[in-house]
Protein chains: 2
Amino acid sequence: MATIYEVSKLAGVSLATVSRVLNNNTPVREATRLKVMEAVDKLGYHPNSVAQSLASKRSNSIGIVVSELNGPFFGTLLSDIEAAFRRAGKHVIIAAGHSDEKLEKESIEFLQSRNCDALILHVEAVTDEFLTELAAKDIPFVLLNRFVDGLSDRCVTLNNQHGGYLATNYLLSHGHQRIGYISGPMWKHDAEQRYFGHLRALAQHNVNPQERLFYEGDYHEEGGAAGLHALLKADPAITAVVCANDEMAAGAITSAREAGLSLPGDLSIVGFDNVNFSHYMFPKLTTVDYPIGSMGMMASRWVLKNVYQQKLDDIQTVFEPRIIERESVARPRVTAQ
Amino acid sequence: MATIYEVSKLAGVSLATVSRVLNNNTPVREATRLKVMEAVDKLGYHPNSVAQSLASKRSNSIGIVVSELNGPFFGTLLSDIEAAFRRAGKHVIIAAGHSDEKLEKESIEFLQSRNCDALILHVEAVTDEFLTELAAKDIPFVLLNRFVDGLSDRCVTLNNQHGGYLATNYLLSHGHQRIGYISGPMWKHDAEQRYFGHLRALAQHNVNPQERLFYEGDYHEEGGAAGLHALLKADPAITAVVCANDEMAAGAITSAREAGLSLPGDLSIVGFDNVNFSHYMFPKLTTVDYPIGSMGMMASRWVLKNVYQQKLDDIQTVFEPRIIERESVARPRVTAQ
DNA sequence: TTGTACGCGTTATCAA
DNA sequence: TTGATAACGCGTACAA
């Protein structure tokens with residue numbers, strides 16, 4: 001690999017001048033610029049990014065922590081983030097936190113040790129205090145799908161509560177009254193918020209929430225399956241179920257079919273997230289759209305603007321969900337009493 | 001951030017000694033090692049990985065090129081690769097090639113410019129010649145799902161032909177004779193191989209392949225939907241279809257239902273890949289398992305062994321697919337003539 | 001077993 | 001507008 005030194009020798013100028021034309025940050029006479037460029041071409045010179053990083057104290061790398069690398073959800077997130085940074089000549093280092101406090105911390109430390117210029121974090125298990133302390137350190141970061149007091153300007157969140165409201169409201173406005181709710185783990189902020197939204201919709205329609213119509217699942221297929229089973233047992237007369245994410249909706253659908261129900265005739269189901277396989281399901285799932293791709297892009301813009309000083313418009317920090325109507329909801333056979 | 005220099009001062013030893021205890025590659029007296037460790041703790045010292053890279057000419061980073069970041073397929077691949085390298089203290093830089101020759105080349109160049117120690121490539125559009133030339137350069141790489149003559153030891157592949165054979169053979173042994181085939185783009189090696197396997201199974205059962213029963217799709221849902229539509233038009237009497245991947249199977253299922261067919265009674269379907277949502281489909285998809293996770297891990301091992309000199313067992317380069325029986329295949333209503 | 005001194009390939013600060 | 005030259009933080013011959 002040719003170095004900047006060889007370029008300077010071939011072009012007959014100093015190291016500094018070569019560096020200048022490469023980064024064109026200082027005026028250089030056109031003639032000398034051409035000489036340098038020619039030498040660069042001739043030698044097939046590419047700057048060594050490691051040396052650049054050491055000298056400039058910029059690694060041009062952004063660390064990302066997500067819960068899982070597989071799964072439909074993070075795929076679209078990572079895809080949009082990678083594209084945004086690639087265009088800016090930055091690269092992305094990815095680590096999985098697995099929704100586990102210890103692993104999330106390790107991931108963050110790992111990324112710090114890699115001298116990332118910034119971090120984009122989708123962490124669930126780590127405490128607010130930890131994040132507040134982290135904010136005092138030197139690596140800036142954005143939080144995805146999480147709101148922490150005092151860090152509001154770096155939180156890119158979904159209005160989860162409104163999402164929960166939309167799901168249940170959709171069902172109510174289709175005539176359902178006995179609505180089961182399969183939640184995510186309630187220690188997760190988004191699960192809690194979605195449930196609050198559900199309660200708000202219920203209240204608005206003067207429907208009393210009932211404990212037996214609530215099931216706390218795990219955000220996975222199994223939890224959805226088990227949840228529907230439990231709900232049906234608790235109240236065989238339910239006409240609809242909202243699942244706090246699409247994977248649980250998939251499990252619920254399987255479970256409902258095993259119970260001999262026809263969908264959506266006997267039971268309507270609404271999901272949450274609108275992951276990319278939700279329309280592969282049968283019936284195609286009516287769900288709440290989580291614009292995770294846009295949110296990832298916004299997080300990238302935050303970094304580009306605040307860390308790399310790009311001039312960009314203001315950052316949108318709160319995103320609104322919307323209902324995606326497909327085929328998993330029908331009016332109930334008889335209006336529940 | 002504390003540097004090695006401050007540690008050496010606090011511990012009262014030289015720079016070199018600190019470096020030695022950190023990398024424990026040279027014998028150091030226990031007493032001095034302790035002094036150093038203490039100083040490290042007291043200062044909260046973490047080595048600067050950029051400086052390490054520059055001095056050692058090792059970036060401890062591995063570049064990965066995949067077609068897409070989203071999608072179920074690459075998620076599980078990346079997940080296993082990341083885990084393998086994390087354990088070894090390496091990190092992974094990811095780039096998307098989008099099955100496009102220009103973008104794939106750019107991704108590779110991008111990763112090279114990042115001084116990756118090795119590359120793991122899942123590239124489709126780039127030519128064999130390009131890869132052969134690349135092999136002559138200084139960054140070692142492994143190829144995933146692709147076989148190139150002369151680079152056989154660094155190719156980790158699936159026996160795609162056998163997979164195609166298995167899919168069709170499964171159908172044939174269930175009594176099907178009129179079997180449609182929805183292929184991936186035939187310029188892709190795996191699509192071609194899977195089709196060859198299909199033909200081999202047909203021949204073995206003395207069934208003549210018919211051109212009208214073949215449709216070249218795009219490996220996406222749309223192609224599957226269009227393919228089934230076309231196949232049904234060409235021969236309404238087909239009793240089964242094999243789809244060269246699961247996403248096309250999803251499209252085919254939708255299309256079949258729109259045509260009023262009941263599944264699997266009227267039409268049996270077999271997919272390929274066994275992506276993670278294939279059992280969310282209805283009927284749950286019978287498909288050919290592509291052990292992409294294991295293959296990713298094997299590629300990681302290749303790198304660990306050949307680039308980082310870890311002592312590991314031999315590398316398995318060819319993986320065998322197997323059929324996953326679920327619920328999308330039934331015996332045909334009447335045996336086709 | 002330990003220390004000295006140089007090299008890794010750039011960027012950035014001063015002078016000129 | 002250009003050129004020396006000192007960082008940047010660490011690894012590693014070589015010498016002691």
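To find a chain, count down the sequence lines: A is the first, B the second, and so on, and within it residues start at 1.
- Heavy-atom distances to DNA chain C give each of A/Thr3 and B/Thr26 a nearest nucleotide, and the one nearer the 5′ end belongs to B/Thr26.
- Mapping A/Arg20 and B/Leu54 onto DNA chain C by nearest heavy atom places B/Leu54 at the nucleotide closer to the 5' end.
- Taking the ring centre of A/Tyr308 as origin, the terminal cationic atom of A/Lys90 falls inside the region bounded by 6.0 Å and 45° from the ring axis.
- Atom pair A/Arg33:CZ and D/dT2:P shows a separation of 10 Å (rounding to whole Å applied).
- Rounded to an integer number of Å, the gap from A/Ile4 CD1 to D/dT5 P is 17 Å.
- As rounded to whole Å, 17 Å separates atom C1' of C/dG3 from atom NZ of B/Lys9.
- In this structure, B/Val13 reaches the sugar-phosphate backbone alone: every heavy-atom distance under 4.0 Å involves primed, P, OP1 or OP2 atoms, never a base.
- The side chain of B/Lys57 lies closest to C/dG9, out of C/dG9, C/dT4, C/dT10.
- Ranked by how close their nearest DNA chain D nucleotide is to the 5' end, B/Ala16 and B/Ala51 are led by B/Ala51.
- Considering A/Thr157, A/Val156, A/Asn159 in turn, A/Val156 is the only one that fulfils the side-chain contact (heavy atoms from CB on, under 4.5 Å) rule with A/Phe319.
- Checking D/dC8, C/dG3, D/dT1 against the side-chain heavy atoms of B/Ser14 singles out C/dG3 as nearest.
- Checking D/dT2, C/dT10, D/dC10 against every side-chain atom of A/Pro47, the shortest atom distance belongs to C/dT10.
- Nearest to the side chain of A/Leu15, among D/dG11, C/dT10, D/dT1, sits C/dT10.
- Using modelled atom types, one finds a donor on one side chain and an acceptor on the other under 3.5 Å when comparing A/Ser49 with B/Asn115.
- At the phosphate of C/dT11, OP1 or OP2 sits under 4.0 Å from a side-chain N or O atom of A/Gln52.
- Among the nucleotides D/dT12, C/dG9, D/dA4, the one closest to the side chain of B/Ser19 is D/dT12.
- Here D/dT2 is the nucleotide among D/dG9, D/dT2, C/dT10 with the atom lying nearest to any side-chain atom of A/Thr17.
- Look at A/Thr32 and you'll find a side-chain N or O under 4.0 angstrom from OP1 or OP2 of D/dT2.
- With respect to the salt-bridge test (charged N to carboxylate O, under 4.0 angstrom), the residues A/Glu101 and A/Lys105 qualify.
- Between B/Tyr5 atom OH and D/dG11 atom C1' the separation is 17 Å, expressed in whole Å.
- Between A/Glu124 and A/His189, the closest side-chain pair of non-hydrogen atoms is not below 4.5 Å.
- Close to D/dC8, at under 4.0 Å from its OP1 or OP2, lies no side-chain N or O of B/Asn48.
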